[in-house]
Amino acid sequence: MENSTKEEYKIQSFDLETQKLLKTALKDPGSVDLEKVSNVIVDQSLKDQIFSREAGRICYTIIQAEAKQTNGNVFRRNLLNRLQQEFKAREETRKRSTQEWVCLVSFICNIFDYLKVNNIPMMALVHPVYDCLFRLAQSDALQNEEEVDCLVLQLHRIGDQLEKMNMQLMDELFNLLRDGFLLQEDLSSMGRLLLLEILEFRAGGWTLSETAQKYYYSEVTD
Amino acid sequence: SMSHDTGGTLARYENDCKPDENRNKGASRWSHCRKRGADGSLRKSHAVEEPVKCSQSSRRPKSFTTPESEGPVSRVKNWGDEVEAEEMRSNVQRDMHRYRRRILEADFPQRDRKISSGSSDSRDSRDSKESSVKGDIETDEATLIRRQKQINYGKNTLAYDGYIKEVPKHMRQPGVHPKTPNKFKKYSRRSWDQQIKLWRVKLHAWDPPAEEGSDVQQIEVIDLGEIMDFELDVECSVDTESKCPTSSGVSLSLAEDSFTGTPKKVMKIEDTEMS
């Protein structure tokens, strides 16, 4: 049970005391300081790339647990407001550390993916997510493989949902990506590959054809 | 939401996306955009959507109206509040669909039809023309949300918790046990607010320490400030004199503040009012 929780929620990177706090939050949310828990989670997701991509899950579970136990949503409210602060400060974060910036984007997108309201994505997050992706599609970001990688990862995971929420913005975003791919000279070849793949991915209805799959993901044997 | 602080970022987007030489070449989409000009003066004014479509692709409108919002959405909201509001709206819509289905099912109960066609479908199209819904139901979202908030206040009490633990739904007797007002029924504002008050008064019988205390005691202990927490049309002044309710029905004749009056009379009212 112990290890499976760790694995399920990817909390191995937390120190033991914090892991304990999180596990308690999952089982008995009323007994812990949920504001602290939300801060702990956000802090870690800005540092830990793996966690940033998976943190949505533990957040979702804590929210459900709190709703069931006390009918409250202290955790969700604190989480979202803290996330909003980080979002507001994203440009400084990006200047300070690309790693933190991509972690932030991954985390926001993961939250968007997991925290739904009656099975509908949170509308409040749609524009912020798009803002992040548009930022990643700027020419200075496209130069940077780490940022391109983050961008395409998010589009793979939540692109179709985002498109449903706002088709127009997705079109605009892809115009930028197309332009970047075609016209931007300082892209690395990996960067270009990633862009081409995501262009095909969306064009195929958010899935890759079999041949494209082979092209991009098979081992090259010569 | 695209908060004001993206003003700086927008400016950067514009710079980055200003068609540089490469992008100018041949791309009709870009030249189309550039003809508009930053001042928009070269073209006739367009609908709000236009700038978003034609402008440099990353420029987004400074305000936006979503179908779900009542109008231009302020950009400086906090996400916690926004999501709670979304959830409230979504819950109310979901409740409404369920309620409609329940009403329809009540109108057209499943019957075994002994018709030669052998069809088991009891929904006769004639019936549905007669009454889409028996009487009107309240559908105004703002009203439903307000009412739901009032209900939530009442349910978020120890008294309510105690009540539902003690009296399961199937054991509830009309008139004796408090019944949550039905937010989908058409009522005037006054009538609805009265029902909520009465409901909450009744619930106080399940307040933790004085559980066996009579309702008489409970009523005197009520903090009207709490009940008046949410907006009420009519001003309420706490009047210690008891007012005699007329027999013409609670919702019309009962003054707002008559709760401070004689408990016995209030009990009587509750009996007649709660059907």
Side-chain angles (χ1 to χ4, degrees), chain A residues 38 63 67 70-85 87-91 94 108 111 115-128 130-131 133-135 137-142 165-166 168-169 171-180 182-185, chain B residues 1-6 8-10 12-17 19-25 27 29-30 33 49 52-61 64 66-69 73 75-95 152 155-157 160-161:
Chain A
S38 66
I63 290 173
T70 64
N71 210 23
N73 54 12
V74 171
F75 177 76
R76 186 180 71 182
R77 201 181 327 124
N78 278 301
L79 176 71
L80 289 172
N81 290 339
R82 172 72 201 280
L83 195 57
Q84 184 177 17
Q85 280 174 33
F87 171 75
K88 281 197 173 128
R90 65 196 180 281
E91 202 52 45
R94 181 177 181 273
I108 292 184
I111 292 293
L115 301 200
K116 302 224 158 70
V117 169
N118 288 331
N119 289 323
I120 303 168
M122 292 180 172
M123 279 185 269
L125 293 184
V126 173
H127 282 90
Y130 269 115
D131 277 350
L133 300 184
F134 271 93
R135 183 61 186 90
Q138 300 308 304
S139 49
D140 59 346
L142 290 179
M165 303 298 284
N166 191 321
Q168 193 168 293
L169 284 179
D171 285 342
E172 285 181 22
L173 178 66
F174 269 76
N175 287 341
L176 280 183
L177 298 185
R178 230 179 260 119
D179 285 343
L182 285 171
L183 307 166
Q184 192 161 332
E185 286 169 353
Chain B
S1 47
M2 293 191 278
S3 51
H4 289 296
D5 65 296
T6 60
T9 317
L10 277 173
R12 182 178 306 108
Y13 288 2
E14 284 164 23
N15 289 334
D16 281 349
C17 295
D20 62 274
E21 293 209 276
N22 288 336
R23 294 178 184 188
N24 285 351
K25 282 189 197 145
R29 191 183 137 276
W30 283 108
C33 293
E49 285 79 41
V52 177
K53 231 191 281 179
C54 294
S55 71
Q56 291 143 359
S57 58
S58 61
R59 181 183 306 168
R60 293 183 300 288
F64 56 93
T66 60
E68 296 75 24
S69 64
V73 179
R75 292 170 159 273
V76 198
K77 263 189 183 174
N78 78 47
W79 291 359
D81 288 343
E82 276 189 66
V83 170
E84 275 179 37
E86 274 180 47
E87 189 173 50
M88 181 78 80
R89 279 196 302 269
S90 165
N91 285 344
V92 153
Q93 294 295 335
R94 175 203 59 194
D95 288 349
N152 290 348
K155 288 192 173 179
N156 192 27
T157 55
Y160 186 77
D161 270 352

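Every chain is numbered from 1 and lettered A, B, ... according to where its sequence line falls, protein lines coming before strand lines. Remember, it's a predicted structure, so these values are computed and weren't measured experimentally.
- Side-chain contact check for A/Arg76 versus B/Glu84: some heavy-atom pair is nearer than 4.5 Å.
- B/Ser90 contributes atom OG, which lies 11.0 Å from atom CE of A/Met122 (distance to the nearest 0.5 angstrom).
- The CG atom of A/Asn73 lies 6.5 Å from the CD atom of B/Glu87; values are rounded to the nearest 0.5 Å.
- For the atom pair CH2 of B/Trp79 and CG of A/Leu125, the computed distance is 5.5 Å after rounding to the nearest 0.5 Å.
- Looking only at distances, no side-chain donor or acceptor of B/Asn78 sits under 3.5 Å from a matching main-chain atom of A/Asn81.
- Shown here for A/Ala124 and B/Glu82, the closest heavy-atom pair between the two residues is CB-OE1, 3.5 Å.
- If you tally non-hydrogen atom pairs under 4.5 Å between each of A/Asp171, A/Asn166, A/Leu83 and chain B, the highest count goes to A/Leu83.
- A search for salt bridge (charged side-chain N to carboxylate O under 4.0 Å, His left out) contacts involving B/Glu86 returns nothing, not counting sequence neighbours.
- A/Asn118 and B/Asn91 form a side-chain donor-acceptor contact under 3.5 Å, judged by distance and modelled atom types alone.
- For the atom pair CG (B/Asp81) and CD (A/Gln84), the distance works out to 9.0 Å, reported to the nearest 0.5 Å.
- Neither the backbone nor the side chain of A/Leu182 comes within contact range of chain B; no heavy atom of the residue lies under 4.5 Å from a heavy atom of that chain.
- Most heavy-atom pairs under 4.5 Å with chain B: of the set A/Leu115, A/Asn71, A/Ile120, A/Leu80, this distinction falls to A/Leu80.
- Listed by chain and residue number, B/Lys183 satisfy the salt bridge (charged side-chain N to carboxylate O under 4.0 Å, His left out) test with B/Asp95 (two or more places apart in sequence, or in another chain).
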